[in-house]
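Below is one structure, written out as structure tokens, with a few remarks after it.
Only heavy atoms go into these numbers, but all of them, side chains included; no hydrogens, no water, no symmetry mates.
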Amino acid sequence: AVNVDGFFCVVLSHLRGFIDMDIVNRVFTCMKSLSLPTNSVDLQSELSWQSCKDAIEHRHGQQRIPLITGLGESICVSDITRDELDRALEMMKTFDH
């Protein structure tokens with residue numbers, strides 16, 4: 001589950017314009033070469049949104065979702081919307097998990 005969340009955040013990073021598709025593909029290829037899971041049937045719209053709401057509850061009112069801005073670089077954001085999550089879920093479907 002941790003790696004699935006990690007790849008989901010990579011996709012969110014791309015959708016936000018923080019990284020290009022070359023980095024997304026590089027991360028995906030690395031994860032796959034290590035036989036790490038990159039998707040789950042349980043990763044659905046309602047669950048992803050509930051996870052963001054849970055993060056707010058446990059992180060003093062902030063989402064603090066880590067997104068990468070480059071290899072080895074990241075920021076935390078607290079303004080992810082349900083629409084963004086749904087777009088990321090759609091993009092996740094384009095990868096050969």
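Within a 6.0 Å sphere centred on CZ of R26, other residues, nucleotides and ligands contribute 12 heavy atoms or fewer. D96 CG: 12 or fewer foreign heavy atoms inside a 6.0 Å radius. Within 6.0 Å of NE2 in H60 there are 12 or fewer heavy atoms belonging to other residues, nucleotides or ligands.
Not counting sequence neighbours, the partners of S51 by the side chain to side chain contact (heavy atoms under 4.5 Å, CB included) test are L47.
By the 4.5 Å heavy-atom criterion applied to side chains, T38 and F8 are not counted as neighbours. The closest side-chain heavy-atom distance from S45 to L85 is not below 4.5 Å. Between K53 and Q63 there is no side-chain heavy-atom pair separated by less than 4.5 Å. Counting heavy atoms from C-beta outward, V27 and L71 have side chains that approach closer than 4.5 Å. Under the 4.5 Å side-chain criterion, counting only non-hydrogen atoms from C-beta, F95 is in contact with N25. A 4.5 Å side-chain heavy-atom check between V77 and R16 finds at least one atom pair inside the cut-off. Side-chain contact between V10 and F28 is absent, with no heavy-atom pair separated by less than 4.5 Å. Using a 4.5 Å cut-off on side-chain heavy atoms (C-beta onward), M31 and N3 make contact.
Between C76 and P66 the shortest heavy-atom distance is SG-CA, 4.1 Å. Residues S48 and L89 approach most closely at OG-CD1, 4.0 Å, considering heavy atoms. Nearest heavy-atom pair, M91 versus T94, reported as atom, atom and distance to 0.1 Å: O-OG1, 2.6 Å. Nearest heavy atoms, C30 versus S33: O-OG, 2.7 Å. For the residue pair S74 and T69, the shortest heavy atom distance occurs at N-OG1, 3.9 Å. Minimum heavy-atom separation, G70 to I19: N-CG2, 3.8 Å.
In this structure, S78 contributes its side chain and R64 its backbone to a donor-acceptor pair below 3.5 Å. Here the side chain of E84 pairs a donor or acceptor atom with the backbone of T81 at under 3.5 angstrom.
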Salt bridge (Lys or Arg N to Asp or Glu O under 4.0 Å) between R87 and E90, intermediate numbers included
CA-CA 5 Å; R87 287 187 294 128; E90 284 303 308; over 6 Å; no
H14 vs V11, side-chain contact (heavy atoms from CB on, under 4.5 Å): CA-CA, chis, key distance, verdict:
CA-CA 5 Å; H14 171 70; V11 171; 5.7 Å; no
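Rounding to the nearest 0.5 Å gives a distance of 12.5 Å between CZ of F18 and CD1 of I23. Between the CD atom of E73 and the CG atom of L67 there is a distance of 13.5 Å, given to the nearest 0.5 Å. Between atom CD1 of residue I68 and atom CG of residue L12 there is a gap of 11.0 Å, rounded to the nearest 0.5 Å. Annotation: the span from F7 atom CZ to S40 atom OG amounts to 14.0 Å, rounded to 0.5 Å.
I75 and I56 end up in different hydrophobic clusters when Ile, Leu, Val, Met, Phe, Trp and Tyr side chains are linked at under 4.5 Å.
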